[in-house]
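What follows is one structure encoded as structure tokens, with my remarks underneath.
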2 protein chains.
Amino acid sequence: MPRDGSASGKSGDKDRILSNVALLYYGEGLTQSEIAKRMDVSRATIVNMLREGRERGIVEIRVDGAVLAASTISRQLCSKFGLADAYVSRSRAEGTGPATRSESLAQLARVAGMAILDVVEDGNTVGVAWGETIKAVSEAMPFERAKGVEVCQMIGSMVSDRVPASEDCAIKIANRLGAVCFTLHAPAVLSSAALAETLRTEPTIAAQLQRLEQLDVAIFSVGNTAPDTHLVAAGIAKPEELTAAVSAGAKGIVCCRYLDAAGHKISLAPDDQIVAVDIDHIKNARKRLLIASGDDRAEAVLACLSGGIVSHLCVDEPLANLLVS
Amino acid sequence: MPRDGSASGKSGDKDRILSNVALLYYGEGLTQSEIAKRMDVSRATIVNMLREGRERGIVEIRVDGAVLAASTISRQLCSKFGLADAYVSRSRAEGTGPATRSESLAQLARVAGMAILDVVEDGNTVGVAWGETIKAVSEAMPFERAKGVEVCQMIGSMVSDRVPASEDCAIKIANRLGAVCFTLHAPAVLSSAALAETLRTEPTIAAQLQRLEQLDVAIFSVGNTAPDTHLVAAGIAKPEELTAAVSAGAKGIVCCRYLDAAGHKISLAPDDQIVAVDIDHIKNARKRLLIASGDDRAEAVLACLSGGIVSHLCVDEPLANLLVS
DNA sequence: CATATTTTTTTACAAATGTAAATTTGAAAG
DNA sequence: CTTTCAAATTTACATTTGTAAAAAAATATG
């Protein structure tokens, strides 16, 4: 096996060979066969080396997110809503029929991953919510080592069929950024307001809530107020509570809090049973990235935009079109 | 960063489509055919889009250079010569016959490009020499925007058949780094020492020489003292001058200056007719990257290493083996 | 020392990709 | 409205690439 004639078989040398092969292929533009001939192995071995190089992160393929924030539609969004940046994902040509929800979500997640890399700077404290959208983002995010970043879970945990483990969102994103992760060791919702209040004063939880008051970056999505919205599906709010909130004017749900059309918080049940970041603390963050996909979120996104909760927006193209019109 | 910024408005959208296609392909792992079907165009169009994305730098494929500095042989180099880092390029398996000079140089150039990215930090002033090796490096270097970097040409210009335009080395490297470039508006060699001295006091040239006294990073190669060495081939030194220097113990040539085996400068003709950085000023730089390829440079590289002129080394594998033995 | 077990490499084939020439599209000029 | 030219797109084909399953090496086991 060690056709590497020179003595020693340390692991660093294998990496070096991997790296040099990757260089010949991606950098120099040689074909796999040419490299195989040079290195005197079969082409399949080169294929394997290249894959290993990619998997191990020795080769990194990055798509520049800046251009996604440079299109006309994103400029329209920025000027209309006073945003710092807007990223628009696009998954298929118009007139090709609508993309499936999962198709569109996956593509948005990739774009959002890049948006996060653009937005997060060394040394930042980053709050991460959870939900279907954020979960997709956490899984699609590319790796990039940042220095001194802290990631904090913004909403207590919950078991739901759509999001198996809610801590996982923050943990994965922290992992991709090479950051430390602070999770919130509490359920998202408790059976009584009193118990929630007690928990909020528990040292470990209080410490986390304090961190959440001083975020540099907040990353979150928004739910709509349809009867099957995630808040209800996850068992955090009861259907009748949602109905009451809707009657009171609720148009969107951010971090388990209801928002009216103007983006103001509506403090209805189960609001005081929740352990999560407060909307006002999100507003305190310098950069507030809202990630949303799907036409049915338009009203909810608009509520967030009106309330000044958003500084950076990441949406799919159909939703972007709805928002500018 | 070039945030599109202009009236046309259409170019940004095209970029966005490009970027999204690249994302589907490189990020999501879809095949070109799948993307073509989704976007309702032919697959060939996708191929073109992907190529354009790569050419325009929207997609970036990077190979991590760190692993090249992690192999046993590079560790041996570091400890034997007290280097901060050593990069070793490898282009074919041993026993497959020696690589051609240009093959080996091209591969080394790629590795050197990554070494430069590793070594240069935001805000640095970087001195760049010129020559066959440096030219290859400048052409193989990947793009990466650094902030506030200044690149300075370390040797006056010269027309030679091996290196058509000497300024080009510094300019290209500056370009790849997104840095400003200060060229040295003087010939490398002048007909008399007096004229050289006069030129050195010319304001624009004096200013550049002053910058060269305060480099953070110096990037250079080393020539050997064979009769056809570049210094002679480029017409900077006369054959008889080289012969004299060799008699005096010259073993290598760095930035047009002769070095003896201990790495000390030998001030023989045409030394005082040269307009270029001084060896001592290179030594002042915190990081001093020597890039060299080919067994025939072993003695010259050893001279540099002995003289403490080098902190970071980038060589091909055969040369590395010679150096450690 | 032979034999199981794992890992790595290879062979052979199907799928995906790149390319050049032909075609269409779009814009500018007559 | 037609003609002309350039750019973009498609078609058809040759090449390159990924992936099985088979073979060979290395490692571990009795």
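Numbers restart at 1 for each chain; the letters A, B, ... are given by sequence-line order, proteins then strands.
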Between [X] ([atom1]) and [N] ([atom2]), how many Å, whole number?
X       : N      : atom1 : atom2 : result
B:Lys37 : C:dA15 : NZ    : C1'   : 14 Å
B:Ile46 : D:dT9  : CD1   : C1'   : 11 Å
B:Arg51 : D:dA8  : CZ    : C1'   : 12 Å
B:Asn48 : C:dG18 : CG    : P     : 10 Å
A:Arg54 : D:dT17 : CZ    : C1'   : 10 Å
B:Leu18 : D:dT9  : CG    : P     : 11 Å
A:Glu52 : C:dT8  : CD    : P     : 8 Å
B:Met49 : D:dA8  : CE    : P     : 11 Å

Nearest to side-chain heavy atoms of [X], which nucleotide of [options]:
X       : options                : value
A:Val47 : C:dT11, D:dG18, C:dT17 : D:dG18
B:Val41 : C:dT11, C:dT17, D:dT10 : D:dT10
B:Thr45 : D:dT9, D:dT11, D:dA12  : D:dT9
B:Arg43 : C:dT9, D:dA12, D:dT17  : D:dA12

Rounded distance [0.5 Å steps], CG in A:Leu108 versus OG1 in A:Thr133 | 7.5 Å
Gap separating the CG atom of B:Leu23 from the CG atom of B:Leu18, nearest 0.5 angstrom |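 Going from CG on B:Leu23 over to CG on B:Leu18, the span is 11.5 Å.
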So, for A:Leu83 and A:His312, which heavy atoms are closest and what is the spacing to 0.1 Å?
->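 Smallest interatomic distance, heavy atoms only, reads CD2-N, 4.4 Å.
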Do you know which two heavy atoms are closest between B:Ala86 and B:Cys78, and how far apart they sit?
->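 Heavy atoms of B:Ala86 and B:Cys78 come nearest at N-SG, 3.5 Å.
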A:Ser42 or B:Leu50, whichever maps to the more 5' nucleotide of DNA chain C |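 In this pair, the answer is A:Ser42.
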Does the side chain of B:Tyr25 get closer than 4.0 angstrom to OP1 or OP2 of C:dA16 through an N or O atom?
-> no
Is there a side-chain polar atom (N or O) of A:Gln32 under 4.0 Å from OP1 or OP2 of D:dT15?
-> no
At under 4.0 Å between heavy atoms, what does B:Thr31 touch on the DNA or RNA strands: base, sugar-phosphate, or nothing?
->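 B:Thr31: backbone/sugar contact only, no base atoms under 4.0 Å.
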Please lay out, stage by stage, how B:Arg38 and B:Glu34 fare under the test salt bridge (Lys or Arg N to Asp or Glu O under 4.0 Å).
-> CA-CA 6 Å; B:Arg38 269 207 203 183; B:Glu34 290 175 294; over 6 Å; no
